[in-house]
Chemist: 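Below is one structure. I have some questions about it.
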Amino acid sequence: MRQKILLPVIGHLSVKNYALYPGVDGRGLELPFPNGVTVLAGVNGVGKTTLLNLMMRMLLGPLDRAKVDRDLSRVSDRTLIHDKKFSFFKDRVPPPLGENATATMTFHIGKTEVKVTRYMNSMELKATWINKKRQEFRTEFEFADALAALSGLSSKYDFHICVRYLQFFSEERLPALWSPGAQFEFFKMFFFDEAAAKKIDKAFAKVQNLDSEVRNRTYQLNNRRKALPPKRPTVGEEDLQRLDSAIATAEQVHKQALELFKSQQLSHSELLSRAKTADAKFDETEAKLSELLSQLQHADAAFIAQALPNLEDKLQFLMLGLGSGRGCFVCGKGGHKEALAIGRTLRGGNCFVCHSPVQGKGKSSNVEPLSAARVRQLESSVKLLKDELKAISEERDEIAKKYEGVTKHMRAIATQRADTLRRLEGLKAQRPASTSPLTDLEAEIQREQAAIDAMDVDRKRFAAEFRAAVQEARSSMDDVKEELRAKLTDYAEAFLREEVKVVYSAQDKFKIATGAGSVNVPTFQIKMTSSTHETVQERLTSDAVSESQKEFLDLAFRMAVLDIISRDSATMLVMETPEASLDSWFMLRAAGLMRHFAPSESESSRKLIATSNLNGTEMIPALLGLIDRKGRISKLAANDAEHFVNLLEVTAEAKILKDAESRERIGKELGRFINV
Amino acid sequence: MSSIGITVSRAEQERLRFIRWVLLLVNAAEASGVGSLQRRQFHSLLFVSFASSRFYGIEPLRQRAQRTEQGPYYRAAHIALGVLTLSGLVDLKDFRPHPSPKDVQFEGTFSATPKGLAVGRRLAETYQGELLYQFLLDLCLGTVSGVLEDKSPADSKASVSLDQVFEEDLTYRQAVARPGNQLFVEESPEDQQTPTLNGLKSIDAFLKQRTHINRKDVLSAYQTLLLRRVA
Amino acid sequence: MTNAVTLAQSEIKTLASKTAEISGTPTARFSQKVVEYFNHWIDANQPSIDKGHVELDRVLILLYSQSPSKDPGIDTESLGEPERVFETSYTLSNGLTVCTENFHVMMSWIPSFKNANAALTFISEKLHVDQTFAVLYMSQQRIWLHQAGEDIEEWISNPNIIKLNRDPNQIVDPTAIIKQLEHFHKRYLEKAGGITARTLWDIHEEPKRSTLRSRPEQQIQSGLLPFLGAEFRHAGAVVDEEIHINGKRVDIRIVRASPGLPQVSTMVELKVLDPSDSQQKNIEWARSGITQADQYKVPDETDAAIACIYDARYDKSDIKTELQGYADEKVVTLLLANMEVPPPRKAKAAARVRAASLPTAPSKKAAAKKAAAKKAASLKKLATKKRA
């Protein structure tokens, strides 16, 4: 199995100068998140969803998946893109939204404390701290990489998916338990050996790409087949002559079009190859430059270190002070003994005041003498390389521009070539039984078919590779499958109060791509008794359970996975409570389940942050653990106050509160479990 | 070319670059005739130097200073000054502890020493060192011609101290207007624009139409304008 | 007091009277400042000069230092407390004064020299090859300028003399500028022994031929700036190098601005052809000089752009034809001037024989030895200098 995975756990969120959350007396929103369950309660439109989104975006920034697909497992391009026009939060308040509107969130990944400040209008990074030390990240990607590295996940993409779709159970959630592919995706991220996971992803991407190309080209080929004119009608001699002359003309026209196409293709491919060369050169130069820059940074610092007096000089200076009767800087003593003591400390490589280690121990640092000329040489090389890079970049842009122009032209010419060919073939086909058994068009169709067949072989080969890799990686699940099965069973039973049978199987068919067959991936399925069936039924699809039950089972699956990967370390789940259509009995079970996931007191920090509507149900007191066995509701203790956030107090005045009746109703509801 | 093969930890690199900046600034103040600098003047001048260094294509070492009652404050500068004073590269007069809850700060007047000037000349032997010194020197020369020798009618400047002028810096004014205990130089490091830089550019654009000028003149003109705001 | 974080146009407009200052390296600015000071001094003291109150051999040494009081660059042990003097009183005309580049701080360490001879003796004994200083001959309107790097003894015997041009009717135009450029070349660059030429070469023992040091253009530029400054400053021209925001840098720029008249400028680009470079590379280098000169032109302002190409190649094969065509095309004035390559040093044995046969040789040798020792001492001093 792979290294331990640590997930972010939010500690504190503050929002400044954002109209939606003015906070108490306009001082901004300040939300601490203690261990256990925290409920963010409010009426519709008060900004609950926005708040959850904000917490998520503080972790993820304005990054998104490069290709958005409902199904997590169908992604072949596992990259993130930076949405430069991200405006989710900006769009929620009246303009203008200034630069002073910021949010700051503190969270932990394992023992590391991360603090991040982002601008509300764009979610761009403003400042970041790691373990209270200021740290600069030049891009969102760098920050995401750093978080991924802290969490032990193998890429920022994985980190993104994990936070967004596992830890956050929000409006945009995707089915997990109910999608074998999604289950597989999570297992691969958390439990598979990293190299194996990479191998699987790579093979999958290849299959996907080949598959789409095969399908596109097959579709086009079929269209061309359909366009073939009916064969060999009978024609008279006169017609034949006319036809032949038409064929000759069409042949001429086609030949011209073909030549034009070929010449254009030549310049097209030449440009392409030039573009590739320029790209390679650019990458190479850039790499060289970054290497040289890093060398220069070190050399520059070493040069400064060398120019500055070494410790020996400092010691001399101190001795001078002591010797001249000025005495020790701190205690004023000026004896030989004190001088010796200071000398010893400095020679030992420590500061004589605080005893911390000092760079360049002892007499002089062991840096090889570095001449200014050497540094200058390095600086000149950097400058030259920068100029070179600029030149290459300009050349590259120019080629790209030309290439774009040629491509456009090329497309027109290709169409012309195809049209003239079709016309020629059409005419030829009207000719009675010609000498050549195959028309050119038919030959081209055959060639295309052969090319597609070759690709299909590749597609099958990669699919086989993918299958083999999955097969091999499946054993990684052996360590956790039992535990996961047991957890999931517990959670599911606790919620449904039915006998639930969770089955782990490696038989679930996962279709890799349309033409590439399917692969057996490891997944869990839920089978349970129900009031109408005596036997344990398989509830393979979500149709077999009600929508909200289905959502809670999905939640249970997430909790089980989070439990396994976090084990004894901190964990967090942020959710929008899907309470709408649950009957009250289920609601209490659901609340219990959630409290069970994040008890207030446990050895490691476990948090569940949930939004809830003020809809008169008992969800909120249940989540806060205020309902006793007999169904009586007690009031929230003062020292637990942080577990309940009344968004009505800290958000822009909700419209509903302007009407006295609703105000009274809400006051009454809140009064059941808090002191209003 | 072959690799230099030297590694210096990142924290150490930052510390060293800060020391270089501080030493060259003290030397530039001496060589331009500004002379010795009091604690507050020093930190303000440092802030202005960070706010305007991009005008010379130099990346500032710090994006923010701490806000204290005594003006902007850089912890790193404080440490660098300690090191430089202890090494005899910077002279410290009128030493006394500074009443600040943070760090063991000291008040005093800082000025160059022959040894520090010699080290400074050595540091200016690299292109980066040369460019940095050139910039800091031009900045201080600008202070002399724009503030100390300004021949404009604003003659009440006898009572105007250098730190008052530096604290009129556009970036500083913007930073002070913001809440919080940080004074920002570049709010978002990506755009690399400071009000100071914008100010310098508009002065440059204006002067360029009327007379031949160079970067130093722009720095000097800028400080003349700051002085007029104080006086 | 306004707290706006932008500059209002109304504020910026108050800068209308702002005049440019000299740019360049600190020592180049110092040299220019010396010329300016001398001009002002003459203006202020014309009556006494006319009455003959200024003795013929009264000299003032102005020595550049980053810190005139703390690090004047002279041995101050035998000297008294320095006196702070002020530029604008224009009374300073004797002794040794150490100045910052902008003359904001001037410390007079030696109030007077008995005569010019005493001053030169002081220089020979106390000043170093790496210092920049000027000797002002107060009654002659001449300056002996020593730039860092020039051997002191050689310099004393063959100083770089700059004569202030005080002609009230002097015209500054491209013709006059070209004349001065040619003049400078003839005096300082053409022969291998010329003052500026000497600082450009590394001379090796034969048979290895002499090689150019790096950045020769900079060396020539720092010689030319005060030279042209002395010539044109009085006529109201500013001679300096321009470094602008976009990083473009004009080697030399001569600007004339008269009240009410549009400003006029002449741009000069310097290039030295290197004997160790290929023919092709040298031609490209020369062409780049022409291209740059062309690019420096400011529309409606620049009356001429001059490319000075100094040919230091060994063979001096013809390139004029090729370059002239390009210069004409770009409308750039081309000044192509030869520079002699110094002959290599004789091998040691041969040198000894020669030395024995030449009566003047021993003194020269002693001088060279002294210079070398002095150089070493000055470097050492810089590194270890300690003051009370």
Side-chain angles (χ1 to χ4, degrees), chain B residues 27-28 30-35 55-57 88 91 111-115 117-118 120-122 134 137-138 141-142 144-145 148-149 152 168 170-174 176-177 195 198-208 210-218 220-222 224-225 228-230, chain C residues 1-9 11-26 29 64-73 88 99-106 238 240-247 249-250 253 255 257 263 265 298 301 381-387:
Chain B
N27 287 355
E30 180 75 21
S32 61
V34 169
F55 194 58
Y56 277 52
D91 189 38
S111 60
T113 66
K115 199 169 151 195
L117 289 165
R121 283 190 290 269
R122 174 121 173 83
Q134 205 174 58
L137 182 62
D138 283 358
L141 286 168
V144 170
S145 62
L148 301 177
E149 288 178 353
S152 74
E168 276 304 314
L170 301 180
T171 309
Y172 186 70
R173 296 265 46 110
Q174 172 174 294
V176 164
N198 291 332
L200 290 171
K201 283 183 181 161
S202 40
I203 292 175
D204 182 59
F206 172 77
L207 288 180
K208 217 157 49 182
R210 7 190 82 236
T211 177
H212 65 286
I213 42 138
N214 50 57
R215 300 188 290 194
K216 183 162 82 71
D217 297 321
V218 177
S220 149
Y222 175 68
T224 304
L225 291 185
R228 291 194 189 147
R229 284 188 172 195
V230 192
Chain C
M1 187 161 81
T2 162
N3 276 352
V5 297
T6 50
L7 292 175
Q9 275 304 315
E11 272 180 285
I12 294 179
K13 278 188 185 139
T14 62
L15 292 170
S17 62
K18 188 88 194 167
T19 51
E21 289 167 54
I22 298 151
S23 64
T25 60
R29 290 196 282 230
Y64 162 71
S65 162
Q66 284 178 295
S67 178
S69 51
K70 291 181 181 172
D71 193 17
T88 41
C99 326
T100 53
E101 59 168 281
N102 54 356
F103 283 26
H104 190 72
V105 177
M106 302 172 88
V238 172
D240 70 355
E241 69 169 330
E242 181 196 47
I243 307 164
H244 216 269
I245 307 171
N246 54 17
R249 115 190 250 149
V250 183
R253 186 176 58 159
V255 188
Q263 172 176 305
S265 64
V298 179
E301 181 193 300
K381 202 168 174 189
L382 270 178
T384 59
K385 215 178 276 172
K386 270 184 192 145
R387 301 217 177 270

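What's counted below: heavy atoms across the whole structure, side chains too, no hydrogens, waters or symmetry copies. Sequence lines set the chain letters: A, B, ... in the order given, protein chains first and strands last, and positions in each chain run from 1. Remember, predicted model here, so these are calculated numbers, not experimental data.
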Chemist: What part of B/Ser111 gets within 4.5 angstrom of chain C, counting heavy atoms only: side chain, backbone, both, or neither?
Modeler: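 Contact with chain C: backbone and side chain both.
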Chemist: On a heavy-atom basis, which atom in C/His104 and which in B/Ser32 lie closest, and how many Å separate them?
Modeler: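 Scanning both residues completely, I find the closest heavy atoms to be CB-O, 3.8 Å.
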Chemist: Do C/Arg29 and B/Leu141 touch side chain to side chain, with heavy atoms closer than 4.5 Å?
Modeler: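 Heavy-atom side-chain distance check passes, below 4.5 Å.
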Chemist: Supply the atom-to-atom distance C/Asp71 CG to B/Lys115 NZ, rounded to the nearest 0.5 angstrom.
Modeler: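 It comes to 13.0 Å.
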Chemist: Of all the heavy-atom pairs spanning B/Ala31 and C/Thr100, show the shortest one and how long it is.
Modeler: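 In this case the closest contact between B/Ala31 and C/Thr100 is O-CB, 3.3 Å.
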Chemist: Drop me the distance from C/Ser69's OG to B/Glu30's CD, to the nearest 0.5 angstrom.
Modeler: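 Nearest 0.5 Å value for the OG-CD distance: 5.5 Å.
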Chemist: So which of B/Val34, B/Thr171, B/Asp138, B/Asn198 has the largest heavy-atom pair count under 4.5 angstrom toward chain C?
Modeler: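 Ranked by heavy-atom pairs under 4.5 Å with chain C, first place is B/Asp138.
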Chemist: Might you point out which heavy atoms bring B/Leu117 and C/Ser67 nearest each other, and give the distance in Å?
Modeler: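 Nearest heavy atoms, B/Leu117 then C/Ser67: CD1-CB, 3.5 Å.
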Chemist: Would you mind reporting whether B/Leu137 and C/Pro26 have side-chain heavy atoms less than 4.5 Å apart?
Modeler: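 In contact.
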